[in-house]
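Please read the structure below before turning to the comments.
Protein chains get the first letters and strands the later ones, always in sequence-line order, with residue 1 at the start of each. Just so it is clear, the structure is predicted and the values come from calculations on it, not from any experiment. Scope of the values below: all heavy atoms of this structure, side chains included, with no hydrogens, waters or symmetry mates.
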There are 2 protein chains.
Amino acid sequence: MSRKVLVVDDEAPIREMLVFVLEQNGFQAIEAEDYDSAIAAMVEPYPDMVLLDWMLPGGSGIQIAKKFKQNEHTRKIPIIMLTARGEEEDKVRGLEVGADDYVTKPFSPKELMARIKAVIRRVSPTSLEEAIKVHGLRLDPISHRVTSDGSELDMGPTEFRLLHFFMTHPERVYSREQLLDNVWGTNVYVEDRTVDVHIRRLRKAIAPLGHDRLVQTVRGAGYRFSSKL
Amino acid sequence: MSRKVLVVDDEAPIREMLVFVLEQNGFQAIEAEDYDSAIAAMVEPYPDMVLLDWMLPGGSGIQIAKKFKQNEHTRKIPIIMLTARGEEEDKVRGLEVGADDYVTKPFSPKELMARIKAVIRRVSPTSLEEAIKVHGLRLDPISHRVTSDGSELDMGPTEFRLLHFFMTHPERVYSREQLLDNVWGTNVYVEDRTVDVHIRRLRKAIAPLGHDRLVQTVRGAGYRFSSKL
DNA sequence: ACTAAGTATGACATTTTTATGAAAGTGTAA
DNA sequence: TTACACTTTCATAAAAATGTCATACTTAGT
């Protein structure tokens, strides 16, 4: 379920390559080329992981890591640093600052993905698998269950992902296209209108206790999950 | 509103098919069959995107991509490359040179269009907008809500855009024509007087708490949004 | 007070957008 | 293979929004 990886590297080709590899593996990549754009990515929706080049001009790689570790909301986001071969000192320094792992350039896609998955597996129990609860509607990613005031609600996989996305991104309108990108994935090609159908099924599924009101239509814009009715 | 797509492919039938699909989807296509004609298209008005066949005779596809990425003005124009199935090496190479995505031949029109739209969406991200608040009237573009001292106000899409425009451009008179340009968009044919109707609807929508006084008529000139009553 | 020009407003035919039921397609486990 | 559970698309219904008009009001100038 971990999707967004922030890729920070000043060299465009390497960044592109990383993004390519990530997307091939079902991740969504966010790019940043320097300190400023990396910090700019420290907002909702937060990345689930950061791939950080240690060798940014001006040595700002370490600054970025520090920033992430200082911020309350981004503290637990794992960071994998990318280092040049032999820079042992950098590795130690990085791990001190809070990086969770490192990968030495040049690296193979396979190795990279293995590390990423390992790191995410290590931290996922806490950082993004917590149950979310809104208005008596509770979604637990671990047991993969949705309960409404105790009783379990039944829904399809897509509706579950849709609800999960909504509950982790409330009070915000999403266009059908954005929902497709975020819930279905970037390289899936389905009609915009298909979203309507799943919205309907999601509503029907959570309707029993009136929670369908949380999924709101915003005419001309898309849909919104909101506890403000 | 990206429209122009440069199509570079040496095979006329494929080019025509691409052009056909693009035009069916509301894009304007510019054709090029080889290196020279592709480079010739690197002028104003620049295309908004490039569909590039990697397998051009003489391997010039990559040259074209390089040219685009070197030129200051065309550097940021996204490139989608068309590759034959299985040419993994080409894909990586292409992404290194700066291509934004690739589509494997043969491809379905649907897939192609989805990729194009995704790339364009990625390149022109919607800027994060902050909520604006005037005299207890609050408009939040993110959740797409307008609230007046807490309670939500209901209005149509056009009224929302109109209010948004007003709130971001206060204390200034706009003629009906200017409002049409800014809120409806240029090259939209509507009567000037239609603005009156939407002004009325907007006023009615925000009237409950007296905020309708913020939308002021300036006789002979147009309308103004002002907190000075 | 009267007129001319500008503006406000209610009504309404049309067009757009959404909602929804159902068919068709996909994949999967028994 | 046959069920079965989803997913996606399509057709159509339903709802909401839009642009125009006709008519009522206002205002400024005479």
For B:Ser151, the side chain to side chain donor-acceptor pair (under 3.5 Å) test, sequence neighbours excluded, returns none

Parallel, tilted or perpendicular: which fits the ring planes of B:His169 and B:Tyr174, with parallel below 30° and perpendicular above 60°? perpendicular

Contacts of A:Arg200 meeting salt bridge (charged side-chain N to carboxylate O under 4.0 Å, His left out) (sequence neighbours excluded), chain-then-number -> none

Taking atom [atom2] of [N] as reference, at what distance in whole Å does atom [atom1] of [X] sit?
{"X": "A:Leu162", "N": "D:dT7", "atom1": "CG", "atom2": "C1'", "answer": "13 Å"}
{"X": "A:Lys204", "N": "D:dC6", "atom1": "NZ", "atom2": "P", "answer": "14 Å"}
{"X": "B:Phe160", "N": "D:dT18", "atom1": "CZ", "atom2": "P", "answer": "13 Å"}
{"X": "B:Asp196", "N": "D:dT18", "atom1": "CG", "atom2": "P", "answer": "16 Å"}

Residues at least two apart in sequence or cross-chain that pass side-chain contact (heavy atoms from CB on, under 4.5 Å) with B:Asp181, listed by chain then number, are B:Thr186

Any luck finding a side-chain donor-acceptor pair between [X] and [Y] under 3.5 Å?
{"X": "A:Thr217", "Y": "A:Arg203", "value": "yes"}
{"X": "B:Thr147", "Y": "B:Glu152", "value": "no"}
{"X": "B:Arg172", "Y": "B:Gln178", "value": "no"}

Outermost contacting nts on DNA chain C, any atom under 4.0 Å from chain A heavy atoms, listed 5' then 3', are C:dT17 to C:dG21

| field | ring-ring contact (aromatic ring centres under 6.0 Å, His included) contacts touching residues 175-211 of chain B (sequence neighbours left out) | value |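 Sorted result for residues 175-211 of chain B: B:Trp184-B:His198.
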
B/S/- along nucleotides 19-30 of chain D (protein heavy atoms under 4.0 Å) is BBB----BB---

